[in-house]
Number of protein chains: 2
Amino acid sequence: MIKDLFNCDHVGKMTGDKRREQILHTAVSLFSQRGFSGTTTKEIARVAGVSEAMVFRHFSTKSELYDAILGDKSCHDGIRFPWEENPVLHEAIKNKDDYNVFFNLALNALIKQQADENFLRLLFYSALEEHELADRFFNEFVARLYEFIGGYIKLRQNDGVMREMNPRIVVRAFLGMLIHHSLNNILWDRNRRLLDITNEEAAKNFAEIILRGVLKKV
Amino acid sequence: MIKDLFNCDHVGKMTGDKRREQILHTAVSLFSQRGFSGTTTKEIARVAGVSEAMVFRHFSTKSELYDAILGDKSCHDGIRFPWEENPVLHEAIKNKDDYNVFFNLALNALIKQQADENFLRLLFYSALEEHELADRFFNEFVARLYEFIGGYIKLRQNDGVMREMNPRIVVRAFLGMLIHHSLNNILWDRNRRLLDITNEEAAKNFAEIILRGVLKKV
DNA sequence: TTGGAGTAAGTAAGCACTTACTTATCATAC
DNA sequence: GTATGATAAGTAAGTGCTTACTTACTCCAA
């Protein structure tokens with residue numbers, strides 16, 4: 001019963017691919033909690049419910065196990081762009097509905113970051129530890145996000161409704177609010193002592209602030 | 001000569017206190033670069049230019065060495081409030097010169113964060129590793145910062161010049177811009193590929209955005 | 001001559017990783 | 001249907017090296 005619900009706890013033999021995937025997910029979870037050097041292969045094996053030798057059958061070194069995260073499907077799920085499969089955002093952009101563009105971007109980001117706490121932790125660990133993962137995420141995701149949001153701002157500047165200023169500074173300010181808010185909730189203020197608001201409230205306020213900051217008239 | 005410049009490299013005997021301090025500073029530097037579990041006592045000793053036994057004479061365990069950072073003077077230098085010894089900010093607050101209040105807060109924060117990269121890295125490592133340092137910094141510094149800036153916003157709301165909204169959300173948005181910008185410069189975009197601006201430019205733009213976001217009329 | 005600064009050379013436990021072996025699975029031959 | 005054998009999943013018990021930490025000592029200035 002329970003084994004069916006948590007298919008990771010499956011006891012007995014598994015197919016190679018399934019076991020590999022399970023070890024990888026266990027590793028991601030542990031690396032995100034304790035970092036690379038804070039995680040031991042012994043513990044990965046223990047949590048995955050196999051012997052240490054099995055870990056090394058599937059991944060020849062601990063580093064290779066970390067590197068394999070890059071190629072993992074669920075990792076690339078974390079790198080899903082906001083404009084993909086988001087008809088509401090598409091509509092808002094088409095209609096040049098500035099508030100809903102920024103509100104939607106904010107809300108989506110906050111929800112995703114909240115749901116994938118582990119991925120955010122992993123990303124920060126890998127940035128501090130200067131692992132390729134951080135670099136790749138930056139180049140493949142963040143850089144494109146800057147182009148996308150920056151592009152929209154430039155468009156609205158050409159329309160004459162937004163003030164002339166470096167669009168990328170606006171993007172940095174906006175993403176700063178979002179990431180900092182998530183980081184507070186995940187890392188520093190888990191019990192919401194300083195600020196306890198819903199994602200909707202946060203998205204609404206951040207969208208308002210950034211728009212008033214950049215629009216010529218509200 | 002060099003030994004005088006870098007008083008840490010002093011060879012030969014030192015007084016106990018001086019050696020203790022030097023080992024501590026070496027440790028802070030290494031912990032901030034590689035995290036707690038990524039740093040070995042052997043390397044701390046090597047970089048400090050003493051035997052490992054000396055490290056354990058001054059600090060009975062590796063953890064105690066980490067904990068000692070909390071009590072270190074230079075750590076509390078990192079925790080220096082923006083309203084201390086900053087007459088320009090004081091003046092701006094007294095005159096209710098909103099732009100200069102926020103511009104000053106931003107510029108000071110950015111300069112300090114840039115100068116003390118190591119401290120920021122240490123703070124993030126300790127937050128991820130759930131070390132007391134992060135908690136203490138949050139309670140002693142961040143919480144008070146929220147009260148201070150939030151208090152100013154509330155004051156200006158009572159004056160009728162700022163919109164009615166949760167002041168703490170504004171503080172979060174503002175600090176988010178600042179910290180995220182520094183984090184980008186330190187961690188992800190060291191060569192300023194995405195955005196290459198001076199601290200003054202950043203402070204000016206961030207102050208403008210947050211003020212337009214919260215003021216009734218600019 | 002004594003007390004504190006300093007070290008060389010340990011120790012036990014823990015680390016990433018290996019070896020030599022045992023079990024389960026399943027297609028095929030009978 | 002059942003025995004068989006190849007193959008892949010799995011492990012217990014290591015390997016040598018590194019880790020945090022200790023011991024038993026030397027050196028030197030006051």
Side-chain angles (χ1 to χ4, degrees), chain A residues 3-4 6-69 125-126 129 131-132, chain B residues 3 7-69 125-126 129 131-132:
Chain A
K3 284 166 203 163
D4 292 321
F6 301 84
N7 69 341
C8 288
D9 283 328
H10 180 75
V11 181
K13 296 209 174 180
M14 268 188 187
T15 64
D17 284 355
K18 259 205 168 317
R19 184 63 87 191
R20 190 191 141 94
E21 208 182 323
Q22 186 223 339
I23 291 169
L24 186 57
H25 281 121
T26 306
V28 169
S29 161
L30 287 172
F31 283 145
S32 77
Q33 284 165 55
R34 322 194 209 293
F36 182 76
S37 48
T39 304
T40 65
T41 51
K42 192 178 180 176
E43 197 174 17
I44 293 169
R46 215 207 67 230
V47 175
V50 290
S51 67
E52 221 179 326
M54 275 308 288
V55 173
F56 287 98
R57 166 145 308 166
H58 288 287
F59 306 93
S60 64
T61 63
K62 188 184 169 187
S63 275
E64 202 187 290
L65 181 48
Y66 200 137
D67 294 344
I69 297 171
Y125 260 123
S126 71
E129 289 169 339
H131 187 272
E132 197 197 340
Chain B
K3 283 168 202 163
N7 67 343
C8 289
D9 282 329
H10 180 73
V11 181
K13 294 209 176 182
M14 268 189 188
T15 63
D17 284 354
K18 259 204 170 316
R19 185 62 87 189
R20 190 191 140 93
E21 208 181 325
Q22 185 225 337
I23 291 170
L24 186 57
H25 281 120
T26 307
V28 169
S29 160
L30 287 172
F31 283 144
S32 77
Q33 284 166 55
R34 321 195 209 293
F36 182 75
S37 47
T39 305
T40 65
T41 51
K42 191 178 182 176
E43 198 173 16
I44 293 170
R46 214 206 68 231
V47 175
V50 290
S51 68
E52 222 178 325
M54 275 307 289
V55 173
F56 286 97
R57 165 145 310 166
H58 287 287
F59 306 93
S60 64
T61 64
K62 188 185 168 186
S63 275
E64 202 186 291
L65 180 50
Y66 200 136
D67 294 344
I69 297 170
Y125 260 122
S126 70
E129 290 169 338
H131 187 273
E132 196 196 340

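Chain letters run A, B, ... following the sequence lines, proteins first and then strands; every chain starts at 1.
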Discussion item. Please pick, from C/dG6, D/dG10, D/dT19, the nucleotide with the shortest atom-to-atom distance to any side-chain atom of B/Met54.
Written reply: C/dG6
Worksheet item: Taking for each residue the nucleotide of DNA chain C bearing the nearest heavy atom, is the 5' side occupied by A/Phe36 or by B/Thr15?
Response: B/Thr15
Worksheet item: Picking from B/Thr41, B/Ile44, B/Thr39, what satisfies side-chain contact (heavy atoms from CB on, under 4.5 Å) with B/Leu65?
Response: B/Ile44
Worksheet item: In whole angstroms, how far is the C1' atom of C/dA5 from the CG atom of B/Asp17?
Response: 13 Å
Worksheet item: Counting any heavy atom closer than 4.0 Å, what does A/Thr39 reach on the DNA or RNA strands: base, sugar-phosphate only, or nothing?
Response: sugar-phosphate
Worksheet, complete the sentence: Whole-Å distance, A/Glu21 CD to D/dA9 C1', equals 17 Å
Discussion item. From the set C/dA16, D/dC21, D/dT19, return the single nucleotide nearest to any side-chain atom of B/Lys42.
Written reply: D/dT19
Fill in: Nearest-nucleotide 5' precedence on DNA chain C, B/Glu52 against A/Ala53
B/Glu52
Practice prompt. Looking at every strand, decide which applies to B/Val50 at a 4.0 Å heavy-atom threshold: base, sugar-phosphate, or nothing.
Written response: sugar-phosphate
Worksheet item: In Å, rounded to the nearest 0.5 Å, how long is the span from OG1 of B/Thr26 to CZ of B/Phe31?
Response: 11.0 Å
Discussion item. To the nearest 0.5 Å, what is the distance between CZ on B/Arg20 and OG1 on B/Thr15?
Written reply: 12.0 Å
Item to complete: Please state how far atom CZ in A/Phe59 lies from atom P in C/dT18, giving the value in whole angstrom units.
Response: 15 Å
Worksheet entry | Interatomic distance, B/Lys62 NZ vs C/dC15 C1' [rounded to whole Å] | 13 Å
Worksheet, complete the sentence: Looking only at heavy atoms, the pair that brings B/Ser126 and B/Tyr66 closest together is CB-OH, 3.3 Å
Worksheet item: Distance from A/Arg46 atom CZ to A/Glu43 atom CD, nearest 0.5 Å?
Response: 5.0 Å
Practice prompt. Establish whether the base of D/dG10 is bridged to the side chain of A/Arg57 by a donor-acceptor pair shorter than 3.5 Å.
Written response: yes
Practice prompt. Rounded to the nearest angstrom, tell me the gap between atom CZ in B/Arg46 and atom C1' in D/dT18.
Written response: 15 Å
Practice prompt. Give a yes/no on whether any side-chain N or O of B/Ser51 is located under 4.0 angstrom from OP1 or OP2 of C/dG6.
Written response: no
Item to complete: Rounded to the nearest angstrom, tell me the gap between atom NE2 in A/His58 and atom P in C/dT18.
Response: 15 Å
Fill in: Spacing of A/Leu30 atom CG relative to C/dA16 atom P, expressed in whole Å
12 Å
Practice prompt. Could you tell me the separation between the CD1 atom of B/Ile44 and the P atom of D/dC21, rounded to a whole number of Å?
Written response: 10 Å
